Amino acid sequence: MATLKLGVLVSGRGSNLQSILDAVQAGTLDAEVRIVISNRPGAQALDRAAAAGAKTCVVSHRDFASREAFDAALAAKLKSEQVEWVVLAGFMRVLTGVFIREMQGKIINIHPALLPSFPGIHAQKQAIDYGVKVSGCTVHLIDEGVDTGPILAQRAVPILDDDDEDSLSARILEQEHALMVEVLRGLADGSLQPPRRERRAAQG
Ligand code: GRF
C-alpha cells in the first residue's frame, strides 16, 4: 500500500494535480490519490483526475450556508476516504479553522511566489509590479492565515525585463510541478520533516 494517502482539493486547471498523478503513475512517488475534490463542477482538474483513474467528487461551496459548513463537509469526505495528507492544488477557497483543526499539520499548499512575499491572489503580477528580480514558488503547510504557514520548500525563478504576468506564471508553474512532487516524495520517504513553528521561533 502507498505511503502517502492523498486527498487533492482543486478549483480549476489542475496542472499541479497532473504532476502528482504523473509521478504516482510513473512509480516515482510512493503515494495514492484517494480522492480529488473540486468546489467547481466544470473544473478541468476533474477530467485530469478521471483520466488517471482517480476518484473524484464535487463539493460546491454554493450548497452551504457558511464557510464552516462547507469546510466540515470537505473534512468529512476526506476522512471517509482515509486521506492522511491534503494537497491544495489551485484550490481557490480560504479554509477556516474548522477544516484546519481537523487536518492539523497535514494540509499542503502551493503558492506562486517566494513567501512571505506576495501572498494572496495574482502573486506573479504583484512580484512584477513591485519590481523584484527573483520570485518563485513555495510549498507550505496551511495555518489559519492566508499563505502564512510553515514553509516546506521553495524554488527561485528569475524575473526577466520583458516578463508579463503570463510569461512569469508559466516559468514559475514549471518549477511548481517539480517542487510539489519533490516535497511529497520527501514526506513519503521521511527525508523531509515538516517544520514546527515553535522550534523555528526558539532558534530565533
Ligand atoms: C498555481 O499557480 C498554484 O501555485 C496556485 O494556483 C495555480 C493552480 O494551477 N495556487 P493548477 O490548477 O495546478 O494548474
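This one's a predicted model, so the numbers in the text were calculated from it and none came from an experiment. Counting starts at 1 for both ligands and their atoms, following the listed order. Note that these values count all heavy atoms, side chains included, but never hydrogens, waters or copies made by symmetry.
- Between L17 and ligand 1, no pair of N/O atoms sits closer than 3.5 Å.
- Of the candidates Q18, E176, M180, the one placing a heavy atom closest to atom 2 (O) of ligand 1 is E176.
- Below 30°, between 30° and 60°, or above 60°: for F70 and F91 the angle between ring planes is below 30°, a parallel geometry.
- Under 4.0 Å is where a charged nitrogen must lie from a carboxylate oxygen, and between E102 and K79 at least one such pair does.
- Ligand 1 has a nitrogen or oxygen under 3.5 angstrom from a nitrogen or oxygen of S15.
- Counted by atom type alone, D164 and S167 present one or more donor-acceptor pairs between their side chains at under 3.5 Å.
- Below 3.5 Å of separation, one finds no N or O of G12 facing any N or O of ligand 1.
- With A45, G90, A113 as candidates, the residue nearest to atom 6 (O) of ligand 1 on a non-hydrogen basis is G90.
- Summary of contacts: the protein heavy atom closest to atom 10 (N) of ligand 1 is I110 O, 3.0 Å.
- At the top of the distance list for atom 9 (O) of ligand 1, counting protein heavy atoms only, stands R13 NH2, 3.0 Å.
- Comment: E182 engages R155 in a salt bridge, judged by a side-chain N to carboxylate O separation of less than 4.0 angstrom.
- Between E144 and R101 a salt bridge is recorded (basic side-chain N to carboxylate O distance below 4.0 Å).
- Between the side chains of T96 and E68, no donor N or O sits under 3.5 Å from an acceptor N or O.
- When each atom of ligand 1 is checked for a heavy atom of G14 under 4.0 Å away, the hits are 11 (P), 12 (O), 13 (O), 14 (O).
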